[in-house]
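Report on one structure; see the data block that follows.
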Amino acid sequence: MDYDLTRIDYALCGITYPDALKILPVSEQKSQQKFVIGDKNGILQCMSIKDEEPVIHFKTLPGKSITSVQLASSSGNNVDKIFAASGNEVKGYTRKGKVFLSIETSVAETITSIICILRCVFGSDLVLCSGRTVTFYRELQEVYCYLCDDRVLDAVAFATPNNNRVRLLVLIANKEAVIIENGSLYKRTYIAAGPTRITVPSCLHSTEVCAFYGGADGSIGLIFYEDPDLLNKCLVEGCGLGSVMCVGWFYTGAGTHLAVGRHDGSIQLYQINTDNLKEKPRLKFTYFSGEPVTSVYGGCIGTDEPELLVATFSGRIFGLRPRRLVSGNVPISNIKNGDAFVLRRSKLETEIARLEKQTASERDKYQRNTRSIFPGISAPPLLDIQFELSGATSNGWQEVKIICAVSLDMLFIYCQNKLEIQTDSAAVLSLCSAQDTEDTELLATIRCQAGTRRLWLRMRTLSLSETKLEGTRVFIYVLPAGAPRVARIIKLHLPTLPHYSKYESLEVENQNSSWCEVRVSGGFSVAEMTAWLAEAIPGELPRPASNVALARSHTILGTLLICRYQRGLAIFKSDNISTISVLKDVIYNCCVKRNIRADVSCDIPDDYCAISFQNIKDKFKMEYDRNKDIEIKKAIRSLDLNNFSVNDETQHILCNDYVQILKEVDDDAETNFEELIETVKNWYLDWCKLSLNRFYNNEITTLQNALKDCQLEDVQEILSKH
């Protein structure tokens with residue numbers, strides 16, 4: 001942490017989407033830069049900062065929500081162009097706010113990303129990302145439209161050597177990056193972390209395909225093209241950080257920095273080695289804003305020196321500048337040092353008085369309308385709440401991220417099934433006791449701290465052995481602070497196979513020759529099969545097509561699941577027999593509910609259990625040792641020994657192994673030992689069920705005891721009998 005930056009708030013706009021803020025290039029007259037931002041209300045504003053106060057240069061009227069803002073410069077002069085996307089429309093503005101372009105495109109879904117390239121190395125080109133499509137325009141004429149396998153997240157453009165074509169590097173929601181050239185797929189690579197945003201360093205040549213990406217797990221990596229392959233390399237691991245929502249660049253005298261804004265509200269600056277982009281970036285600065293960050297860029301905004309400009313989900317715009325440049329430390333232009341705080345306080349008091357007057361006027365207006373004899377409807381506005389449910393992590397938890405434009409007060413959670421639930425430190429969780437003796441339902445309340453706009457919850461099912469025929473429904477009632485008291489309901493679906501959240505390439509099918517397979521044939525459509533799979537598998541599934549194929553992997557075991565289906569036929573392969581068993585039950589149950597006749601057949605290897613246990617034998621032994629060390633440390637802690645008696649060399653109270661365990665083992669860490677025992681036991685039971693073999697209770701008891709004692713030879717012998 002080499003930089004000492006402090007926050008200074010500039011302005012407040014409406015709710016912002018990622019990549020909706022841009023900094024204009026430096027003009028010839030002054031070194032300070034303007035910036036432009038679009039919000040959910042459809043307002044596009046161009047502002048600059050003078051004496052730490054915003055100066056609005058132009059502001060558009062409200063309209064459709066602005067989902068993306070992009071800049072493009074003409075070669076040979078400094079006439080900057082501002083492009084804003086809203087719905088399926090793109091408008092172009094000059095630096096002074098004059099509209100010079102308005103085009104209603106043919107895309108069917110909302111535009112989420114635009115690339116504007118005007119009269120530079122590419123010619124007059126416009127690239128639009130909308131839903132699953134990437135549309136390329138040249139001179140406002142559609143050249144081609146490429147349909148991707150899944151939702152398009154972000155894209156960047158590169159020139160093609162020796163011709164005027166454009167190569168597009170596109171991020172797709174099914175964890176892959178592809179290169180599109182002339183409307184055709186050129187190269188592709190799978191990224192297990194799941195990339196979310198992408199940016200290109202300015203030091204690259206226009207034809208060199210190389211870009212930094214931010215991942216859904218918080219990681220940062222590099223995508224680069226080395227003929228003939230498109231490759232990726234993870235440079236910074238996620239390590240529990242929030243998912244990356246935006247990336248930008250920050251240039252100082254110390255070098256080039258990658259600015260990263262995350263869903264958890266944290267902002268990081270990583271110094272990049274421009275001579276070797278594959279080198280691990282060095283973390284130089286971290287700041288926590290308290291809410292998701294949607295845009296982050298560097299520039300000379302409030303002073304002649306670079307600072308970091310940030311926009312958050314709720315529309316707060318602030319800068320991170322060196323502490324010595326904040327008012328109170330040095331004089332602002334034309335203001336004495338002692339008068340800086342007085343002037344700023346006077347402006348704040350004037351603003352508060354104006355807001356109080358406006359609030360009182362709106363309250364009186366509402367009271368008059370309620371007493372009016374004319375009929376009318378009084379309804380509070382819909383709360384702007386965004387939420388996201390992730391797949392299960394290595395410890396079995398599924399995380400729910402909830403963000404709101406206003407402060408949260410309370411949340412009520414209800415589920416018909418019993419769940420284990422946790423929340424962050426910004427809230428207090430209370431579980432209500434069940435009225436019935438069975439205690440099969442969950443009812444919980446969460447009270448948030450003042451000013452909380454972001455909250456995360458972690459949920460997981462308690463019973464691993466219970467067979468579920470459908471996913472678990474969870475209802476969350478969100479109540480924000482303030483009056484009138486309103487609530488919004490959030491409906492979540494926890495799938496039956498939550499651990500299959502890692503996307504894989506279909507090429508993994510060639511890595512294993514021993515698969516458990518289930519084949520389903522009947523009168524179902526592709527859309528119906530996709531809906532049925534949503535009951536079992538977390539995350540986004542491919543859109544229905546004539547033929548659908550996908551591959552996932554287990555976050556704990558590393559086992560694979562491959563799904564291929566079309567109208568009337570579906571084939572599922574996995575090297576985990578319990579996965580096949582659960583999937584078979586879920587699909588059969590869905591067929592019964594829809595009154596669809598289907599034939600289901602299974603193909604199970606005879607020696608499956610022994611082979612599968614051999615694959616996880618090392619992992620099982622490692623988890624057993626970890627669990628044993630934690631139990632030993634807890635037992636030592638119960639002896640209530642002080643540090644002096646443990647470290648005293650004259651009196652050996654503990655052996656060296658126990659002393660090492662006491663110092664190095666984290667007794668609060670979670671292990672997957674119990675889950676692995678339950679998994680192996682379920683493998684044996686499911687193999688007996690699908691192979692129509694009989695099992696005896698004493699065999700199950702013997703197997704479970706051997707697993708608990710880590711008697712691997714005995715376990716292997718029991719599993720090899722059948």
Side-chain angles (χ1 to χ4, degrees), residues 113 115 117 121-123 125 127 129 132-136 138 143-215 219-236 247 258 272-281 502-512 542 545 547 549-553 560 562 564:
S113 180
I115 307 173
I117 319 157
V121 293
F122 305 116
D125 299 337
V127 182
C129 301
R132 298 171 60 201
T133 62
V134 178
T135 310
F136 183 85
R138 174 157 290 177
V143 178
Y144 64 80
C145 180
Y146 181 82
L147 183 64
C148 300
D149 295 335
D150 214 318
R151 182 167 52 92
V152 178
L153 301 177
D154 203 357
V156 290
F158 300 91
T160 305
N162 303 324
N163 58 51
N164 61 350
R165 292 180 181 176
V166 176
R167 282 180 175 174
L168 301 177
L169 180 58
V170 183
L171 300 183
I172 303 178
N174 60 2
K175 315 298 183 187
E176 69 176 350
V178 300
I179 294 180
I180 300 173
E181 182 178 340
N182 199 28
S184 302
L185 179 65
Y186 184 64
K187 297 292 179 181
R188 78 193 314 159
T189 181
Y190 280 84
I191 304 175
T196 55
R197 308 301 297 180
I198 192 172
T199 184
V200 180
S202 59
C203 61
L204 290 179
H205 190 268
S206 60
T207 59
E208 187 177 356
V209 179
C210 184
F212 285 89
Y213 71 86
S219 61
I220 300 170
L222 186 70
I223 304 174
F224 53 96
Y225 175 65
E226 290 183 353
D227 196 19
D229 298 320
L230 181 65
L231 307 173
N232 68 86
K233 179 181 180 182
C234 181
L235 302 177
V236 179
V247 287
L258 178 66
I272 304 296
N273 184 0
T274 54
D275 297 329
N276 183 12
L277 296 178
K278 298 179 184 179
E279 182 180 316
K280 183 177 180 180
K502 295 179 64 177
Y503 292 71
E504 299 289 345
S505 170
L506 289 170
E507 297 175 357
V508 298
E509 188 175 3
N510 302 325
Q511 299 177 4
N512 191 351
N547 291 279
L550 61 100
R552 299 284 186 90
S553 62
L560 300 170
I562 298 174
R564 298 181 184 273

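Everything quoted here is computed from the prediction, not taken from an experiment.
Contact check for L171 versus V152: no side-chain heavy atoms found under the 4.5 Å cut-off. The closest side-chain heavy-atom distance from P281 to V236 is below 4.5 Å. For the pair I179/V209, a side-chain contact is recorded, criterion being any heavy-atom separation below 4.5 Å from C-beta on. Contact check for I198 versus V170: no side-chain heavy atoms found under the 4.5 Å cut-off.
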Kindly indicate, with the supporting measurements, whether the criterion side chain to side chain contact (heavy atoms under 4.5 Å, CB included) is fulfilled by N547 and R564.
-> CA-CA 7 Å; N547 291 279; R564 298 181 184 273; over 6 Å; no

Checking side chain to side chain contact (heavy atoms under 4.5 Å, CB included) for the pair D154/Y213: CA distance, chi angles, key distance, verdict?
-> CA-CA 10 Å; D154 203 357; Y213 71 86; over 6 Å; no

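Distance SG/C129 to CG/L168: 7.5 Å, rounded to 0.5 Å. Here the SG atom belonging to C148 is positioned 4.5 Å from the CD1 atom belonging to I180, to the nearest 0.5 angstrom. Taken to the nearest 0.5 Å, the CD1 atom of I223 stands 7.5 Å off from the OG1 atom of T189. Atom OH of residue Y225 and atom CZ of residue R167 lie 5.5 Å apart, to the nearest 0.5 angstrom. Annotation: the span from Y144 atom OH to N182 atom CG amounts to 7.0 Å, rounded to 0.5 Å. With rounding to the nearest 0.5 Å, the separation of CG in L169 from CZ in F158 is 5.5 Å.
Scanning both residues, Y146 and G183, for their nearest heavy atoms gives CD1-O, 3.4 Å. Across all non-hydrogen atoms, the minimal contact from Y190 to E504 is CE2-O, 3.8 Å. For V166 against A157, the heavy-atom pair with the smallest separation is CG1-CB, 3.9 Å. In this structure, V200 and C210 approach most closely via the heavy-atom pair CG1-O, 3.8 Å. Pairing each heavy atom of C145 with each of T135, the nearest pair is SG-OG1, 3.6 Å. Annotation for K187 and P228: closest pair NZ-O, 2.5 Å, computed over non-hydrogen atoms.
For V143, the side chain to side chain contact (heavy atoms under 4.5 Å, CB included) test picks out F136, R138, with sequence neighbours left out.
Under a 3.5 Å cut-off, the side chain of N232 and the backbone N or O of I191 do not form any donor-acceptor pair. One N or O on the side chain of N273 and one on the backbone of D275 form a donor-acceptor pair closer than 3.5 Å. At least one donor-acceptor pair closer than 3.5 Å links the side chain of T160 to the backbone N or O of R165. Side-chain atoms of T133 never come within 3.5 Å of backbone atoms of L147 as a donor-acceptor pair (strictly under, hydrogens ignored).
For K278 and F224, the positive end sits near the middle of the six-membered ring, less than 6.0 Å away and at most 45° from its axis.
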